[in-house]
Structure formats: C-alpha cells, structure tokens
Amino acid sequence: MTRQLMVGIDKVCRSAYSYASAIRTPSVGIMISKDDCIQKYNEYKKQHEVIPKKKDFFKFAGIHERQLVGLYGRDAYTKLQEECGDEANKLNLEKTPTEKIMRQYGDLALELEELPNSSDWIERHFKPSISGLERRPHFIKWSEFPSKFTEWIQNNQVKGYEKVLGYINESSAKSKVKAEKRDREFEKLISNIRSWSPGRRRNSEGEYKIELRRHLESLGYTVNEEFGESNFDLLINKRHAVEIKKDPQLSEYDRLFGQLARHLQHQLRVIALILDAPSEDKFSNFTSLVDTYLCKDEKIVEVIKK
DNA sequence: CTATATGATGAACGAGAAAG
DNA sequence: CTTTCTCGTTCATCATATAG
C-alpha cells in the first residue's frame, strides 16, 4: 500500500518536473548567454565601482549559479571574471613549495652571515608569513627552522648552503653546552640530597623541609620555598623543583603523583623526596608509575627515598 | 557548513640584557 | 644581586573567496 502511494507521488513529481523544464527550454527564451553575463558583470562594476563578489553578482544579475556553470563549467565565476579582464576573486591557494621556503631561509642566512630570526623574515615580507609558516601545511615553528632546513638539505642533497649548516651547528652546540651544564647541576643536586641525612627523626614534613633547605643553602644553592603557581616545596637555583613527602599513604602517593605532573608543566626536572616510607610495596609501585607516565622525553622525575 | 593557504594582530611567555 | 625592560617566539582568534 505504501509502495503504491510512493509510486503515485513519484508520478506527480515527474510531471511537475517535466512541466518546469518545458518552461526553461531555450525556445521560451530564459536561456542566457555568456555575453549577457559579461554585460551584467560590467554593469555591476559601473554601478558599484567595485568588482562583484560571487554572491552579489548572482543577486544583481538575477541569474542562478547553475546557469553560469552551464556556460563555463567548473570554476565558473572565476572564468567569467577573467573573461571580463579582472583578476579572479578566488584566493590563490597554491601552497608555497618547501623548496622555496627553505631557499629563502638559507639565502637569508648567507646574506646575514648568521641564523636569521623571525624579525628578519618579517622585514623582507617573505611568504608565507611567520603566522602562515607555523601552521598547516608547513608546520615550521621558527625555532625548528634550523633542524628542518638541515633535514631538507640532506634529503635533497642540496649544495651551496654549507656555511648555513655551519651556523646551525654552532648554535646547537651552544645550546647543548647549556643543557649539559643544567644536567650536571641537576645530577649534583641529586647526589647532594641523596647524601644528606636528617639530623634526627622529625614529626612533620615542614621540619624536614626546613632542615633540607638549610643543608642545601650551606652547600651554596639558592633555595626558594613554595614557589610559583605550581607551589613546589622547594625550588633550587630557580630551576629544579623538590617535593617532599613524609610517611605517605596510598592516597598521599596519588596526590604526589598529581603534584609532580603539575610541576613538570613548569620545570623540566623535578625531585620527589620521600621520607620515612613505611611500605616498600607502595613505594616501588609509585616509582614504577612515575617512570611509566611522568618521565617522558626531556622530563625527568627523580625519586629519592630516605 | 567545511576545507583550503595564508595574513594580521594582540596576548602570553621566556630569556637575556640593562639598570638599579 | 635583584628588579625592570626589551626582544624574539608562540599561541589563539578572526578573516578571506570559493568549491563542494
């Protein structure tokens, strides 16, 4: 029954359709030509003294987009604009080839005789701009430019930028030295804390904190307490965070885990110092959690137990 | 409504330099 | 040595014209 109904509706639609298309046949005269479109286009320009946007053109000319497509095929409006001697409104969406970007960078470095910074790029109005570079489809953050450049040179065996590679090596060597210095400082701090032992058993975390602080200060560290948004227990040399827990239960380990994660957002390296740990079980469980989930890439959490 | 390649701009951030 | 200033970098947001 429903089926019959559908067929009936279908029939009605079909007949309506054929009626409509009959009206629109060329013989009736609604068909428009390219010349009509061009004329309307120019008319719009005269009236508004602006090149029409696509939508505005259709509204103005009283034409349906389909009709224009019928005349010009794909990119119809763009073709019309070109035919009228205008540059198409359509955005030029050709992506800047990697080669061009890299050569701009390399040549700029050669000219400056050092690695360019983003201001240099802006000054020359290179394309894409900094904001275009860092996103799709290029994904080149300025700081990553040197490494991407090196990669490009290697992959394509490009010659002529040896000097630039030299600059890149120089600067990465410099930052390596700094990183190593920081590493060594951190290692030393760890060993200093490891070799420290509290004078006596204390009743609270706070007392241990004070004692450790005195100890570290006597070794020449700069120590700040309860520092910054993330509230470390101690911040050593403005770089390394220390979190202290005394006699933690499971729930306190959990809390500590969260605190460490938060600290890692601010510092690359964090020390968790656990005092008077009662249960070896919970402790080792905690350290394995930390190793699995917190120590990633550059981020390091060192857990010390006393 | 979404995708496209890109631009503009201002806020947030971080490091280093200058000034105190 | 500490506070303040400056510069470079990154992020988020808005915008664009058109096709599908």
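Residue numbers start from 1 in every chain, and the chains themselves are labelled A, B, ... in the order their sequence lines are given, proteins ahead of strands.
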Check: How does each nucleotide of nucleotides 10-20 of chain C score, in 5' to 3' order, for protein heavy atoms under 4.0 Å: base (B), sugar-phosphate only (S), or none (-)?
Finding: SB-B--BBSS-
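Contact annotation: A:Ser119 side-chain N/O to C:dG8 OP1/OP2 distance is under 4.0 Å. When the side-chain nitrogen and oxygen atoms of A:His125 are compared with OP1 and OP2 of B:dG7, none of them lie within a distance under 4.0 Å.
The CD1-C1' distance, from A:Ile122 to C:dG8, rounds to 9 Å in whole Å. Regarding A:Lys174, its NZ atom lies at a distance of 11 Å from the P atom of B:dG16, rounded to whole Å.
The rotation axes computed at either terminus of the helix from B:dC1-C:dG20 to B:dG20-C:dC1 lie 30° apart, taking five pairs at each end and rounding to 10 degrees.
A:Phe60 forms part of a hydrophobic cluster together with A:Tyr44, judged by ILVMFWY side-chain heavy-atom separations under 4.5 Å. In this structure, A:Leu112 belongs to a hydrophobic cluster whose other members, linked by side-chain heavy atoms under 4.5 Å apart, are A:Ile101, A:Met102, A:Tyr105, A:Leu108, A:Leu110, A:Leu115, A:Trp121, A:Ile122, A:Phe126, A:Ile130, A:Leu133, A:Ile140, A:Trp142, A:Phe145, A:Phe149, A:Trp152, A:Ile153, A:Val158, A:Tyr161, A:Val164, A:Leu165, A:Tyr167, A:Ile168.
Looking at residues two or more places apart in sequence or on another chain, you find a side chain to side chain contact (heavy atoms under 4.5 Å, CB included) between A:Asp35 and A:Ser33, A:Ile38.
The environment of A:Lys34 atom NZ is dense: over 12 non-hydrogen atoms of other residues, nucleotides or ligands sit within 6.0 angstrom. The environment of A:Gln47 atom CD is dense: over 12 non-hydrogen atoms of other residues, nucleotides or ligands sit within 6.0 angstrom.
Under the salt bridge (Lys or Arg N to Asp or Glu O under 4.0 Å) criterion, the residue pairs touching residues 105-128 of chain A are A:Glu111-A:Arg124, with sequence neighbours excluded.
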